[in-house]
Amino acid sequence: MVLSQDLVYEKFSEFYTNYSADIPSPSSIREREFAFLLSKERIMMRHRGFANISELRLFLSEIVPSDVYYSCAYYENPEADMDKKGWLGADLVFDIDADHIPTSCNKTHDEWTCTKCGFSGKGITPETCPVCEGQKFDIKTWPCELCLSSAKEETAKLVDMLENDFGFSEKEIHVFFSGHRGYHVHIENEAIRTLDAMARKEIVDYVSGIGLVISGGEAEGKSKGKSSRPFSLHDFGWNKRLKLGMRDFLSKATKEDLRNAGIRINYDAILQHKEAILKSSMEEGRWDSVKGVSAKTWTKIAEHVKSLQSAKIDTVVTTDIHRLIRLAGTLHGKTGLRKVEFPVKNLKDFDPFKEAVAFKKGHVKVFVSDAPEFKLGGTAFGPYKSQTVELPTAAAVLLICKGRAEVAK
Ligand SMILES: [Zn+2]
Ligand SMILES: [Zn+2]
């Protein structure tokens with residue numbers, strides 16, 4: 001065990017000594033708070049400030065932290081106590097993590113165990129233990145390719161909203177692989193800098209579709225015998241997203257999909273007249289032309305489409321105006337991969353398991369207790385079960401950091 005931790009420390013140390021020039025400076029570095037998770041002591045060192053990036057790089061090579069964070073906030077005195085820092089503003093940040101996305105594979109590679117009572121389960125970790133209501137868990141997850149591509153889809157939806165509904169330019173939107181199981185989106189722009197937590201919550205609600213009321217179906221109020229309101233969608237913002245989303249959904253829909261959308265009757269009316277429905281609804285904006293399909297049914301489908309079109313972000317991160325977030329270019333202590341920025345336009349083709357690899361030299365012999373099949377640097381590895389293998393350094397460090405392997409004696 002000690003041997004394995006020493007190896008990880010040695011590799012992180014080499015990285016911060018020889019490759020720290022690859023760590024870009026955050027903007028306004030003097031106004032940022034920095035924090036470090038110390039590898040050996042496992043404690044957080046906070047409230048540090050740096051005059052420039054060279055000073056920070058030197059510091060990293062000296063303390064060799066397992067994780068490096070900086071504030072999305074700007075402060076007058078980043079080194080002061082929280083209440084004396086002098087908050088000047090903050091970037092708008094989003095965290096999209098596989099932990100918050102219900103993928104079909106998480107049950108195969110994620111496990112949690114309640115530290116209080118020992119009860120365990122597979123898949124997404126619950127907020128409280130179903131047996132003892134404890135809130136602390138030992139969590140075993142995996143940076144799985146499928147999970148990361150789901151996170152990427154959520155990121156694409158978010159970026160699309162930021163560009164088209166909020167009007168941020170490609171230049172203002174910075175997209176990063178987090179180094180573990182997701183993506184970060186940072187927006188640096190004067191207009192959002194001083195937004196308070198409430199205003200940021202409004203943005204969160206918008207991208208998540210929270211509080212979005214889809215009207216149609218039952219008329220509101222207590223109007224007796226009044227006809228229901230018609231269902232209609234216009235061409236901007238969520239209306240447009242619902243419209244295009246419904247087109248996608250309807251054009252591919254099966255009976256099963258409609259059932260998942262909460263439709264219990266009239267499948268046939270919809271499925272048989274698909275083409276006509278798409279034509280009248282999309283081209284002519286008429287949703288009332290199909291016999292047997294009520295405004296209430298369209299509303300149900302729209303609700304379902306809303307959940308498909310919303311971006312699954314970690315809502316807490318965005319509303320926290322003092323948030324510490326991983327510094328781009330640095331290593332993730334749970335993987336040995338780097339947090340890396342890439343151009344928004346490359347999102348679709350970005351391969352985190354190639355672009356984020358930090359350790360490119362040497363091999364290490366490890367005993368792997370249990371690891372699924374994975375790809376790193378363009379090579380496929382595993383699955384492994386209780387076996388000794390010699391792996392490229394990056395793969396060995398990943399398995400050790402994830403608690404799946406130890407250095408073989
Ligand atoms: Zn428990
Ligand atoms: Zn997965």
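In this chain, residues are counted from 1 in sequence order. In each ligand, atom 1 is the first atom listed, and ligand 1 is the first ligand listed.
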[X] side chain to [Y] main-chain N or O, any donor-acceptor pair under 3.5 Å?
X	Y	result
K152	K348	yes
K157	L308	yes
D97	D99	yes

| message | Using the rule given for salt bridge (charged side-chain N to carboxylate O under 4.0 Å, His left out), can you reason through D351 versus K375, listing the C-alpha separation, both sets of side-chain angles and the distance that settles it, and then say yes or no? | response | CA-CA 10 Å; D351 180 353; K375 260 193 227 137; over 6 Å; no
| Taking NZ, NE, NH1 and NH2 as the nitrogens, is one of them in D205 or K201 under 4.0 Å from a carboxylate oxygen of the other? |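 Salt bridge present between D205 and K201.
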| Test item: K360 and V357 side chains (from C-beta on) under 4.5 Å apart, heavy atoms | yes
| message | So V389 and Q387, do their side chains get closer than 4.5 Å, heavy atoms only? | response |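 Yes, close enough: below the 4.5 Å cut-off.
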| message | Below 30° counts as parallel, above 60° as perpendicular, anything between as tilted: where do the rings of F12 and Y16 land? | response | perpendicular
| What protein N/O/S atoms sit under 2.8 Å from the Zn ion (ligand 1), by chain and number? |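 The answer is C114 SG, C117 SG, C129 SG, C132 SG.
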| task | Could you please tell me which protein N, O or S atoms lie under 2.8 Å from the Zn ion (ligand 2)? | result | C105 SG, H109 NE2, C144 SG, C147 SG
| task | In sequence, state the C-alpha distance, the side-chain angles, and the governing distance for R181 and D110, and then conclude on salt bridge (charged side-chain N to carboxylate O under 4.0 Å, His left out). | result | CA-CA 12 Å; R181 303 222 302 154; D110 295 350; 3.2 Å; yes
